[in-house]
Amino acid sequence: MTITRDSHPTATIVDGIIRARRAVRYFRPDPVPQRMVEDILDVARFAPSNSNIQPWHVYALAGQEKAALSEALSQAHREDRHPPLRHIPDPLPEAMRVRQEAFGSVYYGALGIPKQDLQQRTKVTARNFDFFGAPVGLIFAIDPSLTKFSWLDYGLFIQTIMIAASAIGLATCPQVSFVRYQDIISRHLDFPDGFQVVCGMSLGFPDDESTVNRLDMAREPVDGFTRFLGFGD
Ligand SMILES: Cc1cc2nc3c(=O)[nH]c(=O)nc-3n(C[C@H](O)[C@H](O)[C@H](O)COP(=O)(O)O)c2cc1C
């Protein structure tokens with residue numbers, strides 16, 4: 001018997017949360033109590049990891065602590081002395097380059113910023129360092145001796161945070177942009193020796209008035225990235 005997902009009540013709820021999640025970049029200023037953040041992390045810690053090593057170290061910032069880090073990063077961003085972050089290879093494999101370009105058109109198009117307007121685009125990038133106005137900022141750090149497999153674990157942990165947050169009406173934006181300022185963040189948060197920034201995340205209540213929070217970023221259909229072998233049905 002084939003169980004269809006839409007006839008399964010748990011799948012309906014879980015799928016709904018996964019499908020409705022968006023990278024949110026406009027937040028309401030309402031504070032998020034520490035208890036809510038703790039509860040989200042308390043769910044996310046059940047994410048799997050290779051040999052259960054649980055490589056995550058989270059810095060959860062609010063209030064003055066978040067404001068002070070944001071200020072230091074925003075200043076560094078204005079000064080523009082750090083080397084640009086090369087987190088995506090250039091050139092990207094063609095299919096991914098096309099998707100990246102489509103992302104840019106949808107996002108900057110929704111903000112009304114033309115492709116050539118680099119000054120406006122830089123201003124938009126700068127909002128990353130204010131955690132897009134969210135009341136909570138998360139910084140994820142990792143021990144530098146770990147391999148890419150632990151970074152894979154970390155991705156699972158981060159997605160679990162985003163799903164756990166969505167389930168209680170909170171929104172998130174994962175942000176690699178913070179990695180550019182590894183030196184400032186590690187000093188500011190007093191990282192253990194050599195610890196690296198994996199990424200950051202904005203967390204808060206979404207501003208439901210913002211249409212930019214509701215952009216549909218296209219996804220490939222399953223047969224675009226999967227080869228089914230040996231099923232025979
Ligand atoms: C690891 C990671 C890093 C990201 N870094 C940033 C970032 O620095 N700034 C930003 O605005 N969005 C960032 N994003 C959000 C992506 O642009 C977004 O997830 C993607 O366009 C798909 O849109 P969706 O999440 O709304 O479905 C990041 C996403 C991931 C998974």
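Order of listing sets the numbers, starting from 1, for every ligand and every atom in it. Only heavy atoms go into these numbers, but all of them, side chains included; no hydrogens, no water, no symmetry mates. Bear in mind the structure is a predicted one, so any value in this text is a computation, not a measurement.
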Is Arg127 near ligand 1, meaning one of its heavy atoms is under 4.0 Å from it?
-> no
Mark whether atom 1 (C) of ligand 1 lies under 4.0 angstrom from at least one protein heavy atom.
-> no
Between Pro135 and Asp30, what is the shortest heavy-atom contact and its length?
-> CG-O, 3.2 Å
For ligand 1, which atoms sit closer than 4.0 Å to a heavy atom of Arg25?
-> 10 (C), 11 (O), 12 (N), 15 (C), 16 (C), 17 (O)
Hey, does Phe132 sit under 4.0 Å from ligand 1 if you only count heavy atoms?
-> yes
Kindly say whether the aromatic ring centers of Phe131 and Phe178 come within a distance under 6.0 Å.
-> yes
Ligand-side contact atoms (ligand 1) for residue partner Ser177, heavy atom cut-off under 4.0 Å = 7 (C), 8 (O), 9 (N)
With heavy atoms of Asn128 as the reference, note each atom of ligand 1 found under 4.0 Å away.
-> 7 (C), 8 (O), 9 (N), 10 (C), 11 (O)
How about Tyr59 and Phe140: are their ring centres within less than 6.0 Å of each other?
-> no
Using a strict cut-off of 4.0 Å, indicate which atoms of ligand 1 neighbour a heavy atom of Arg21.
-> 24 (P), 25 (O), 27 (O)
Closest to atom 23 (O) of ligand 1 among protein heavy atoms sits Met217 CG, 3.4 Å
For residues His57 and Phe195, establish whether the separation of their ring centroids is below 6.0 Å.
-> yes
Is atom 15 (C) of ligand 1 less than 4.0 angstrom from at least one protein heavy atom?
-> yes
With a cut-off of 4.0 Å, which atoms of ligand 1 are near a heavy atom of Arg22?
-> 26 (O)
of all protein heavy atoms, closest to atom 27 (O) of ligand 1 is Arg219 NH2, 2.9 Å
Cation over ring, Arg45 on Phe157, under 6.0 Å and within 45°?
-> no
Is Arg214 salt-bridged to Asp208, cutoff N-O under 4.0 Å?
-> no
When every non-hydrogen atom of Tyr107 is compared with those of Val124, the smallest separation belongs to OH-CG1, 3.4 Å
Note: Cys199, heavy atoms under 4.0 Å from ligand 1, region reported as neither
For atom 24 (P) of ligand 1, which protein heavy atom lies nearest, and how many Å away is it?
-> Ala23 N, 3.6 Å
State which residues pass side chain to side chain contact (heavy atoms under 4.5 Å, CB included) with Pro114; sequence neighbours excluded, sorted by chain then number.
-> Gln116, Asp117
Within 4.0 Å of some non-hydrogen atom of Phe103, the atoms of ligand 1 are 17 (O), 21 (O)
Distance under 6.0 Å and angle within 45° of ring axis: Arg219 vs Phe225 = no
Nearest protein heavy atom with distance in Å, relative to atom 5 (N) of ligand 1 = Val176 N, 2.9 Å
closest protein heavy atom to atom 29 (C) of ligand 1 is Pro174 CG, 3.4 Å
Can the positive tip of Arg187 be found less than 6.0 Å from the middle of the six-membered ring of Tyr181, inside 45° of the ring normal?
-> no
